[in-house]
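Before any comments, here is the structure.
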Amino acid sequence: MSRTRVAILISGRGSNMAALIGAAQAPDYPAEIVLVVANRPDAGGLATAHAAGMETAVVDHTQYGKDRAAFEAALQQLLAQHDIAIVCLAGFMRLLTADFVLQWQGRMLNIHPALLPAFKGLDTHARALDAGVKIHGATVHFVAPEMDSGPIVAQGAVAVHDDDNEATLAARVLAVEHRIYPLALRLLAEGRIEMVHGRCRTVGVQAPDGTFVVPDDQI
Ligand code: GRF
């Protein structure tokens, strides 16, 4: 089986990266992670990637000043050298220009810790708590030029507990992130994502039955 060649872009601890690397260790997983790139030399995920035997690279954005195009050209060169077919952003904290994004249209995924289109941007868990939502979650979507937008591939939801704080809620959402990112990458690598009017449909996978009510109505 020839597997789709994937690069993961990180800026931080890389737990989503680790989930993708772990999933790709299964012999029947349709994608292989061939490269991990960080835009910060101190990204904690680099050590995790090394320990997992991954090839890693750093393209330090601070070396390029305000020249986003030069930073992205260096990134693009690395991706081309490794014959990358799909890029996964996993906690990659650098805005990408429309030019770069459009070059990877339909081939670049991102994970966001909220149920998009709610809570785009940073501090999603604090804002979810402030808003008092009862259900929160995570989204994997194709990257589009506008931040935290783009066709949604997969979402996972969690209950917000009355006694949650940012950390407890983040931990519950993170567990969901680690499930939906490997799923979304698998679906993309298997060619099972169809775009219809700018929205994703998954071929051969049904949405599960059931509803999720918070607070529990089985009282
Ligand atoms: C995750 O919550 C991800 O959704 C967001 O940044 C965080 C990165 O965590 N984009 P990690 O580096 O994958 O552990």
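Both counts, for ligands and for their atoms, begin at 1 and track the order of listing. We number each residue from 1, following the sequence as shown. Every heavy atom of this structure was used, including side-chain atoms; hydrogens, water molecules and symmetry mates were not.
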Side-chain donor-acceptor distances from residues 28-41 under 3.5 Å, at least two apart:
{"residue": "Tyr29", "atom": "OH", "partner": "Pro182", "partner atom": "O", "Å": "2.6"}
{"residue": "Tyr29", "atom": "OH", "partner": "Arg186", "partner atom": "N", "Å": "3.4"}
{"residue": "Asn39", "atom": "OD1", "partner": "Ser11", "partner atom": "OG", "Å": "2.7"}
{"residue": "Asn39", "atom": "ND2", "partner": "His61", "partner atom": "ND1", "Å": "3.0"}
{"residue": "Arg40", "atom": "NE", "partner": "Asp42", "partner atom": "OD1", "Å": "3.1"}
{"residue": "Arg40", "atom": "NH2", "partner": "Asp42", "partner atom": "OD1", "Å": "3.4"}
{"residue": "Arg40", "atom": "NH2", "partner": "Asp42", "partner atom": "OD2", "Å": "3.1"}

Heavy-atom cut-off of under 4.0 Å around ligand 1: list whichever protein residues fall inside it, by chain and number. Arg13, Gly14, Ser15, Asn16, Gly91, Ile111, His112, Pro113, Glu177

Mind telling me whether Phe71 and Phe92 have parallel, tilted or perpendicular rings, with 30° and 60° as the class edges? parallel

For Gln81, does the CD atom sit with more than 12 other heavy atoms under 6.0 Å from it, leaving out its own atoms? yes

Within the 3.5 Å criterion, strictly below it, is a donor on His50 or Thr56 matched to an acceptor on the partner's side chain? yes

Looking only at side-chain N and O atoms, does Thr97 offer a donor or acceptor that is under 3.5 Å from a partner on Asp99? no

If only side-chain N and O atoms count, and only distance matters, is there a donor-acceptor pair under 3.5 Å linking Thr124 with His112? no

